[in-house]
Amino acid sequence: MPSIDNDFALNMIGLGLVAFGLYIRFGNWKDWYWKTRGGMYGYIPLGLMMLAEANYKAVIPNAPRYVSISLMVALLLFALFLTLKQPKWIKPKWVNWIESQPKKVQQAMLVSAASDKNWSEHTASEAAIEAWVKELKKSHRS
């Protein structure tokens, strides 16, 4: 059985994490929002960390090992920061629109999203979210 080159594997995993992180960041996969606590915000720096580890020798051939370790630690800390703090600038626009709503409305959105497979249509624009909020408020009054 042929062995897999570690650098190749790190490059593929790193590229996959960066691509998946960008896909989420640009608002393309919305189901994650109701199912996770924001860990995906760290995918991009984690992917960059793996890419840096796999390629540092080629980019800076004479660099001491502590240079790559420092870079990896910085990217890991940045990934942890994005996962735990979740600043607004890292979140897709539709997430910020949802999170600008009161907690009760967000809970109603969660319940609505769980029962409606097409719930992501409500996040297409800020106006669509506002209409969803009005619809939810109306249904909770009756």
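For the pair Y23/M40, no side-chain contact is recorded, criterion being any heavy-atom separation below 4.5 Å from C-beta on. For the pair W119/K30, a side-chain contact is recorded, criterion being any heavy-atom separation below 4.5 Å from C-beta on. Using a 4.5 Å heavy-atom threshold, the side chains of L76 and L46 count as touching. Side-chain atoms of Q101 and Q107, non-hydrogen and from C-beta on, never get closer than 4.5 Å to each other. Contact of the L51 side chain with the N11 side chain is registered, since non-hydrogen atoms from C-beta on lie closer than 4.5 Å. In this structure, E121 and W132 have side chains that are not in contact, with every pair of non-hydrogen atoms separated by 4.5 Å or more. Using a 4.5 Å heavy-atom threshold, the side chains of M109 and I129 count as touching. Between L71 and V67, the closest side-chain pair of non-hydrogen atoms is not below 4.5 Å.
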Report task. Would you check, one step at a time, whether the test side chain to side chain contact (heavy atoms under 4.5 Å, CB included) holds for Y33 with K91? Result -> CA-CA 11 Å; Y33 180 74; K91 296 177 184 179; over 6 Å; no
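Residue R25 holds its CZ atom at 9.0 Å from NZ of K93, rounded to the nearest 0.5 Å. Summarising the geometry, atom NZ belonging to K57 is positioned 6.0 Å from atom CG belonging to D7; distances are rounded to the nearest 0.5 Å. Here OG of S68 is found 11.5 Å from CG of N55. Values are rounded to the nearest 0.5 Å.
Under the 4.5 Å side-chain contact rule for hydrophobic residues, L48 and W89 share a cluster. Under the 4.5 Å side-chain heavy-atom criterion for Ile, Leu, Val, Met, Phe, Trp and Tyr, V18 and F20 are members of the same hydrophobic cluster. With hydrophobic clusters built from ILVMFWY side chains whose heavy atoms lie under 4.5 angstrom apart, M49 shares a cluster with L77. The cluster map of Ile, Leu, Val, Met, Phe, Trp and Tyr, joined by side-chain heavy atoms under 4.5 Å apart, puts Y56 and I69 in different clusters. V59 and M50 sit in two unconnected hydrophobic clusters of ILVMFWY residues. Membership requires side-chain heavy atoms under 4.5 Å apart, directly or through other members.
The two residues A54 and L10 have their closest heavy-atom pair at CB-CB, 3.7 Å. The two residues P87 and I90 have their closest heavy-atom pair at O-CG2, 3.0 Å. In plain terms, the two heavy atoms of P45 and L82 that are nearest each other are CG-CD1, 3.8 Å.
Looking only at distances, a side-chain donor or acceptor of Q86 sits under 3.5 Å from a matching main-chain atom of T83. No donor-acceptor pair under 3.5 Å is formed between the side chain of S112 and the backbone N or O of A108.
Remark: N6 CG is loosely packed, at most 12 non-hydrogen atoms of other residues, nucleotides or ligands lying under 6.0 Å away.
Screening F81, W32, F78 against Y41 for a ring pair (Phe, Tyr, Trp, His ring centres under 6.0 Å) leaves a single residue, W32.
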